[in-house]
Amino acid sequence: MNTGNKGQKIVIVGGVAGGATAAARIRRLDEHADIVVFERSGYISYANCGLPYYVGGVIEKKEELTLQTPKSFFVRFHIDMRVHHEVLSIHLEEKTVTVRNLETGQEWDEPYDKLILSPGARPVVPDMPGADLEKVYTLRTVEDTFRLRDKVAREGARSAVISGGGFIGLELAENLVEMGLEVTLVQRPGQVMNPLDPEMAAFIHTRLRKAGIRLILGDSVKAFAEEKEGLAATLGSGEIIRSDMAVLAIGVSPESHLAKDAGLELGLKGSILVNDHMETSARDVYAVGDAVQVKHYITGTDAVISLAGPANRQGRIAADNICGGDSAYPGSQGSSVIKLFDMTVASTGINEKTAKAEGLNYDKVYLSPVSHAGYYPGGKLMTMKVIFDPEKDRVLGAQIVGHDGVDKRIDVLATAMYAGIPASKLKELDLAYAPPYSSAKDPVNMAGFMMENIEKGVMKQFFYEDLADLPKDGSVTLLDTRTPGEFRHGHVEGFVNIQVDELRDRLDEIPKDKPVYVMCQSGLRSYIACRILDNLGYESYNFSGGYRLYQTIALDEEAASQAHPCGMDK
């Protein structure tokens, strides 16, 4: 790579994932560059994703949150890292930034040859009464984390209200419960975890409730008020929830006021507009991380994706280009994973909600494989949903909820999507197998088999949302192929029970002139039944996801409807 621009002055606004990565990469490419990083907080490189785990005591030492200090950065890279320094304004014509030392109040103009903006994102704090009270917290910086930890560990908080069911809200809920707090989580949408579709989020709702978390969906906090013994949160429904503390975790918005004031072009949600080289609309000014607009890798549409992985890669790309390279950012897939108690939840690409909103041609498959070979002890069920375009044979997205092996499968799917491997070719992936880790036909292979069957017309499906519209006048046959014992423990109204192993001997009970809608526990036995029926001249449809998925959704809907009687003063 050409490093001929020796001695250039590079100013970076903001550290953490994007800014610190860019600084270190520039030094590795150019030993002569004069690099200075201004960070408003007291920490230039820290484990942002680890903050909830320090609050909960899983990460015990403050020092473990800090990946680098200004001193260690200087010793290794000879980079001038200045914490407690805030950049107040950018002067594009003069190529300077105005900086304030937050400890002394001193201000000056710092010149640059190249400028990288990595300001990140700020927590959304709604304009409502009581949002600024001392007992109402946000969690974004290391300093936020220390304040929260002190409230929980030193002051002995016993209860908390969390507003928001995204990554931070859920991880914090888990950690507070593990510390013995009574937690209520309030989420304005009807589900937690927006990257998931509602039926997949239902598995999370069940686990949160099992952990003792009171889950209030479809409602939001409208006001906080301080009381003698704590805090009162008033919901839109009129319910009042009393607790010792509250956390606002309803999302983040791009920290783009510097760019806006300087006249840089802005994009979606006020984010900073950049091209694929991470260049802004101003010459010699780059931007990376949570504050920038990117292209979604799957749809090609504009997106703002606040994740550490993309921020790191963008910082590296900006550094490459500043040092004479030609690196481009292809877009973000939004791959993510989260631990919730003993559960792992992961996703990549787009969900069904997005596919529908974008008007894309799509289909979907559900499967419930075991994490490793069934005969090896300790296997755990996972639920997978894969969304694909059957005409283009292209995987659009995937969601997995389970325990062991979830992260492995989502990473294989994310890699396949990025590489453009056709959906039907997933069946051919040569993945590592040993009984403690997988099955000879890995869950990713199984998803490929299913998508190929749909594309070739070998399998036709119906879904949970179709059940209500199935005729009840006898014009179709509704068939449950589980065992009689399973059927007795619960079934969908209107379905008759003929277990799959008896199907061939009881075909006279199934009219041949009517479509047959078939269900089992996971979708496998019903698929086998459909193949028997189709080969004998019937028209059959397989219930995707099986009774296990149906029951999870139905129980979640029932629990949600009973979650909070309006107007109750808890």
Side-chain angles (χ1 to χ4, degrees), residues 10-23 25-26 37-40 48 86-98 112-124 140 194-195 251-335 349-350 354 357-358:
I10 298 161
V11 171
I12 301 175
V13 180
V16 198
T21 296
R25 176 67 172 171
I26 291 169
V37 179
F38 295 112
E39 169 57 45
R40 183 171 51 192
N48 195 292
E86 183 175 9
V87 174
L88 304 177
S89 56
I90 303 168
H91 314 290
L92 298 175
E93 293 297 323
E94 295 83 1
K95 298 188 77 169
T96 62
V97 295
T98 299
Y112 67 83
D113 294 313
K114 305 286 185 183
L115 176 65
I116 300 178
L117 303 178
S118 180
R122 63 182 183 277
V124 174
R140 184 66 180 175
N194 281 333
V252 295
S253 60
E255 186 77 84
S256 57
H257 69 278
L258 272 177
K260 180 180 179 181
D261 293 345
L264 298 180
E265 290 186 26
L266 301 183
L268 190 67
K269 300 179 182 178
S271 57
I272 304 171
L273 201 62
V274 294
N275 61 19
D276 63 354
H277 281 51
M278 309 314 298
E279 297 169 315
T280 70
S281 58
R283 182 173 58 89
D284 295 328
V285 180
Y286 298 74
V288 301
D290 294 353
V292 306
Q293 175 179 295
V294 297
K295 293 293 183 184
H296 198 290
Y297 185 76
I298 301 301
T299 65
T301 55
D302 295 332
V304 178
I305 297 177
S306 300
L307 292 169
N312 273 283
R313 292 190 292 276
Q314 292 160 15
R316 180 184 176 92
I317 287 166
D320 287 352
N321 293 322
I322 283 173
C323 294
D326 185 21
S327 294
Y329 187 68
S332 297
Q333 278 183 212
S335 301
I350 63 172
T354 301
E358 295 286 340

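All values below come from the heavy atoms of this structure, side chains included, with hydrogens, waters and symmetry mates left out. Being a predicted model, the structure only gives us computed values, none of them experimental.
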Sub-3.5 Å donor-acceptor pair from the side chain of [X] to the main-chain atoms of [Y], do we have one?
X	Y	value
T299	T301	yes
S327	I317	no
Q333	G349	no
S256	G270	yes
R313	Y329	no

> For residues T21 and N312, is any side-chain donor paired with an opposing acceptor at under 3.5 Å?
Replying inline: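 Note: T21 and N312 side chains meet the donor-acceptor criterion.
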>> Under a plain distance cut-off of 3.5 Å, with no hydrogens placed, do E93 and H91 share a side-chain donor-acceptor pair?
In response: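 Side chains of H91 and E93: no pair found under 3.5 Å.
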How long is the gap from [atom1] on [X] to [atom2] on [Y], to the nearest 0.5 Å?
X	Y	atom1	atom2	result
E265	S271	CD	OG	11.5 Å
T98	I90	OG1	CD1	10.0 Å
I10	K114	CD1	NZ	8.5 Å
Q314	M278	CD	CE	4.0 Å
D320	I26	CG	CD1	9.5 Å
L115	I322	CG	CD1	8.5 Å

>> Give me each pair satisfying ring-ring contact (aromatic ring centres under 6.0 Å, His included) with a member in residues 264-294, each pair once, sequence neighbours excluded.
In response: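 Listed once each, the pairs would be none.
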>> Give me each pair satisfying ring-ring contact (aromatic ring centres under 6.0 Å, His included) with a member in residues 289-315, each pair once, sequence neighbours excluded.
In response: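 The answer is Y297-Y418.
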> What's the verdict on side-chain contact (heavy atoms from CB on, under 4.5 Å) for V87 and L258, showing C-alpha distance, side-chain angles and the deciding distance?
Replying inline: CA-CA 8 Å; V87 174; L258 272 177; 3.9 Å; yes
>> For K295, give me all partners under salt bridge (charged side-chain N to carboxylate O under 4.0 Å, His left out), at least two apart in sequence or on another chain.
In response: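 Only D302 meet the salt bridge (charged side-chain N to carboxylate O under 4.0 Å, His left out) criterion with K295.
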> By salt bridge (charged side-chain N to carboxylate O under 4.0 Å, His left out), which residues pair with E86, not counting sequence neighbours?
Replying inline: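 Checked E86 against salt bridge (charged side-chain N to carboxylate O under 4.0 Å, His left out); matches are R40.
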> Given side chains that start at C-beta, do those of D290 and V252 come closer than 4.5 Å, heavy atoms only?
Replying inline: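 They are not in side-chain contact.
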> Can you check side-chain contact (heavy atoms from CB on, under 4.5 Å) on R122 and S253, steps first, answer last?
Replying inline: CA-CA 6 Å; R122 63 182 183 277; S253 60; 3.6 Å; yes
Give the minimum heavy-atom separation between [X] and [Y], together with the two atoms involved.
X	Y	value
L264	S281	CA-OG, 3.6 Å
A22	A319	O-CB, 3.6 Å
A23	V37	CB-CG2, 4.0 Å
L268	A303	CD2-CA, 3.9 Å
S332	I305	CB-CD1, 3.4 Å
L266	A259	CD2-CB, 4.3 Å

> Does the pair K95/D113 count as a salt bridge with the N-to-O cut at 4.0 Å?
Replying inline: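 Result for this pair is no, no salt bridge flagged.
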>> Run the side-chain hydrogen bond (donor to acceptor under 3.5 Å, both in side chains) test against D261 and tell me which residues pass, sequence neighbours left out.
In response: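 D261 satisfies side-chain hydrogen bond (donor to acceptor under 3.5 Å, both in side chains) with no residue once adjacent residues are dropped.
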>> Once side-chain hydrogen bond (donor to acceptor under 3.5 Å, both in side chains) is applied, do any residues pair with T280, and if so which ones, sequence neighbours excluded?
In response: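 Applying side-chain hydrogen bond (donor to acceptor under 3.5 Å, both in side chains) to T280 gives none.
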> Does the side-chain contact (heavy atoms from CB on, under 4.5 Å) test come out yes or no for V97 and Y112, once each step is laid out?
Replying inline: CA-CA 8 Å; V97 295; Y112 67 83; 4.2 Å; yes
>> One pair to check against side-chain contact (heavy atoms from CB on, under 4.5 Å): L92 and V285. What are the steps and the verdict?
In response: CA-CA 9 Å; L92 298 175; V285 180; 3.9 Å; yes
